[in-house]
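Within every chain, numbering begins at 1; the chains are lettered A, B, ... in the order of the sequence lines, protein sequences first and strands thereafter.
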Number of protein chains: 2
Amino acid sequence: MKTIDKALKLLSYFTVIQPEIGLSELARMSNYDKAATRRFLVALQNHQFIEQNEDTRAYRLGIGFLIFAKIREATTPLESIIQSSLVRLMEVTNETAHASLMTNQNLSTIGISFPNRGMQAHLELGDVLPLHSTASGIAFQAFSNNSNINNPTHKSYIKGLKTDSTTLEDTRRRCYAVSTGIYCSETTGIAVPYFDATATPMGAIAVATPNSRLTEKMYETFSTALIRESKKITSSIGGQMPQSFILTNPVP
Amino acid sequence: MKTIDKALKLLSYFTVIQPEIGLSELARMSNYDKAATRRFLVALQNHQFIEQNEDTRAYRLGIGFLIFAKIREATTPLESIIQSSLVRLMEVTNETAHASLMTNQNLSTIGISFPNRGMQAHLELGDVLPLHSTASGIAFQAFSNNSNINNPTHKSYIKGLKTDSTTLEDTRRRCYAVSTGIYCSETTGIAVPYFDATATPMGAIAVATPNSRLTEKMYETFSTALIRESKKITSSIGGQMPQSFILTNPVP
DNA sequence: TTTATTGGTTCATTATTAACACCAATGGTG
DNA sequence: CACCATTGGTGTTAATAATGAACCAATAAA
């Protein structure tokens, strides 16, 4: 279904940074023919997934996403539960808190909460986190039993880069993952997964801190907060923490 | 772009009432070939707009909608502003409050807040409100200068059914629209539009009440609350109330 | 055991999309 | 002002992609 694929791929060019894109520009970005780009946009517009700015004629994401997001959230809530955890994490840590979800072999960013300060770690909604090189990815791997995940042919790996087994063992022992300066050279991430009904990781929540203000003490306070929120999220969505997690982190 | 059209049409079968649909069932509902239906679903799944229940193999809306809804809401907020108004309206009136938005010549329901009581007016997210036969549609028309809107060839009309001019004049004079037992024979809607920067209606907010408990007094309290919230929404999204509205409803 | 479902796949036929070349309009620039 | 570059948008035919009947395998009911 190449046609659908191409049309939907266009949507990914619309971001928080660049929410409106003109026809020619979008054609250039996507390497599609201009006529084709327009046909795609019109088709998407017919279903309210694209809107056109009447003044500038530029295109932007449409209202359709709100409607379907609401329907999904009404039937399988997730986003709303996670978002409240992120806000608490951001308040406790005064750093960027973010959450990701594994769908379609991608660990995608589904929520962020930024602190109000001059310098902070930054990422965007929808950003895909590589499994081997982010705290979230490592946390996810460490608690996954799925052999596909712990296998460098998995889509989320950047061409066979694999997390070494020592790191994964450390993560399992501590119950949180740490990654410094790999995804972004000036920040450190601390992450904990959240789980479904079979104690399988669904995604991860994380706090990202600029290295310059990271202290030893933060590892403990941040990871404690993350583990607390992971338990909240997991129980809210009807999930279960894995055994290893419960043993090393008994209910206070 | 028929292929895209067909694929996206599939999404509309997923509702709050029926959030998961099996392959054969969806093929039947859409009158598509089963093979085609599956190809569409897989293509949508590749972009996270569809997910599959691993146990039942049924399909449901995917996480992609959350991500794009978040991007849209981050850049052109609307839903979040309106939702808080709906909750206030529901609390004040103790009846169903809902909001609609005109996109692509459809007045689509983008938010609802239900009261917690035994009987209440009901509608669904995404429901399209006919312009001629709903309080929201009449409110929208009455304040629209767009000649396309006040024209029964417009998509939102059910085959040429037109609101009579007396009703529209009454609506303009009172600044709110009323519709009893047309959309649903046992309920009455009271609606007020909200406006963009050019004082053009973008959509409407409304309260729907079962006729059996509707009293004369409610018209005033409900419309007062609606007008208050419409002003809030309009100003929050950088819009402007039309002149006629300001004259008959001076700031208290 | 038989029958009727289900989800999923295959491949020759058929309909759709690609992209070039083209407008008309807008906005700098010398 | 004329000129050039760019914009959004539109027809037309060669090349490509989608269609759908027939087909599995598996499950469930009769």
Side-chain angles (χ1 to χ4, degrees), chain A residues 1-15 17-62 75-76 103-105 146 148 155 198, chain B residues 1-15 17-62 75-76 103-105 146 148 155 198:
Chain A
M1 239 52 185
K2 288 195 175 175
T3 311
I4 298 167
D5 234 67
K6 288 183 180 176
L8 298 183
K9 198 161 180 296
L10 278 185
L11 296 170
S12 64
Y13 294 99
F14 296 88
T15 63
I17 302 293
Q18 189 177 18
E20 292 204 347
I21 311 177
L23 175 60
S24 297
E25 194 179 358
L26 187 56
R28 236 180 288 114
M29 290 165 88
S30 57
N31 287 317
Y32 295 166
D33 185 88
K34 199 171 52 163
T37 306
R38 178 140 206 288
R39 281 194 300 266
F40 290 142
L41 286 169
V42 170
L44 291 166
Q45 192 173 28
N46 287 336
H47 292 266
Q48 319 204 350
F49 293 128
I50 284 290
E51 282 174 11
Q52 192 170 23
N53 184 320
E54 291 296 332
D55 300 326
T56 65
R57 312 238 105 198
Y59 296 89
R60 63 163 176 257
L61 295 176
T75 51
T76 43
T103 21
N104 196 38
Q105 302 202 323
N146 184 338
N148 285 333
K155 217 173 163 187
T198 64
Chain B
M1 243 47 189
K2 288 193 177 175
T3 311
I4 299 168
D5 234 66
K6 287 184 182 175
L8 298 183
K9 197 160 182 297
L10 279 185
L11 295 170
S12 65
Y13 293 99
F14 296 88
T15 64
I17 302 293
Q18 190 176 17
E20 293 204 346
I21 311 178
L23 175 60
S24 296
E25 193 179 358
L26 186 56
R28 236 181 288 114
M29 289 165 88
S30 57
N31 286 320
Y32 295 165
D33 184 89
K34 199 172 53 164
T37 305
R38 176 138 207 289
R39 283 193 297 264
F40 291 143
L41 286 169
V42 169
L44 291 165
Q45 192 174 29
N46 287 336
H47 292 265
Q48 319 203 349
F49 292 127
I50 283 290
E51 283 174 11
Q52 192 170 25
N53 184 322
E54 291 295 334
D55 298 327
T56 65
R57 312 239 104 196
Y59 296 89
R60 61 164 176 254
L61 296 176
T75 52
T76 43
T103 22
N104 196 38
Q105 302 201 325
N146 184 337
N148 285 332
K155 216 173 164 187
T198 64

Can you measure [X] atom [atom1] to [N] atom [atom2] for me and round it to whole angstrom units?
X: A:Leu23; N: D:dT10; atom1: CG; atom2: C1'; answer: 11 Å
X: B:Arg38; N: C:dT10; atom1: CZ; atom2: C1'; answer: 13 Å
X: B:Leu41; N: C:dG7; atom1: CG; atom2: P; answer: 10 Å
X: A:Phe40; N: C:dA19; atom1: CZ; atom2: P; answer: 9 Å
X: B:Met1; N: C:dA19; atom1: CE; atom2: P; answer: 11 Å
X: A:Ile4; N: D:dT19; atom1: CD1; atom2: P; answer: 8 Å
X: B:Lys2; N: D:dT19; atom1: NZ; atom2: C1'; answer: 12 Å
X: B:Asp5; N: D:dA18; atom1: CG; atom2: P; answer: 15 Å

When you check the phosphate oxygens OP1 and OP2 of [N], does a side-chain N or O of [X] lie under 4.0 Å from one of them?
X: A:Tyr59; N: D:dG9; result: yes
X: A:Arg57; N: D:dG9; result: yes
X: A:Thr3; N: D:dA17; result: no

Do A:Gln18 and A:Glu25 pair up side chain to side chain, a donor and an acceptor below 3.5 Å, judged on atom types alone?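 The criterion, which ignores hydrogens and geometry beyond distance, is satisfied for A:Glu25 and A:Gln18.
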
Would you call the rings of B:Phe49 and A:Phe49 parallel, tilted or perpendicular if under 30° counts as parallel and over 60° as perpendicular?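 If you compare the ring of B:Phe49 with that of A:Phe49, the planes turn out parallel.
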
Is there a side-chain contact between B:Ile50 and B:Phe40 in this structure, where contact means two heavy atoms from C-beta onward sitting under 4.5 Å apart?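 A side-chain contact under 4.5 Å is absent here.
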
So which one's nearest nucleotide on DNA chain D is more toward 5', A:Arg28 or A:Lys6?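 Its nearest nucleotide being more 5', the pick is A:Arg28.
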
How long is the span from the NZ atom in B:Lys9 to the CG atom in B:Asn31, to the nearest 0.5 Å?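 Atom-to-atom, B:Lys9:NZ and B:Asn31:CG are 8.5 Å apart.
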
Can you tell me how far the CD atom of A:Gln52 sits from the CG atom of A:Leu23, to the nearest 0.5 Å?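 If we round to the nearest 0.5 Å, A:Gln52:CD and A:Leu23:CG are 8.5 Å apart.
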
Sugar-phosphate, base or nothing in reach of B:Tyr32, heavy atoms under 4.0 Å: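 The answer is nothing, as B:Tyr32 stays clear of every strand by at least 4.0 Å.
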
Report which part of the nucleic acid B:Lys34 touches: base, sugar-phosphate, or nothing (heavy-atom distance under 4.0 Å, all strands).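 Base contact.
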
Does any N or O donor sit under 3.5 Å from an N or O acceptor when you compare the side chain of B:Arg39 with the base of D:dA18?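 Between D:dA18 and B:Arg39, which were checked side chain against base, a qualifying N/O pair under 3.5 Å is absent.
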
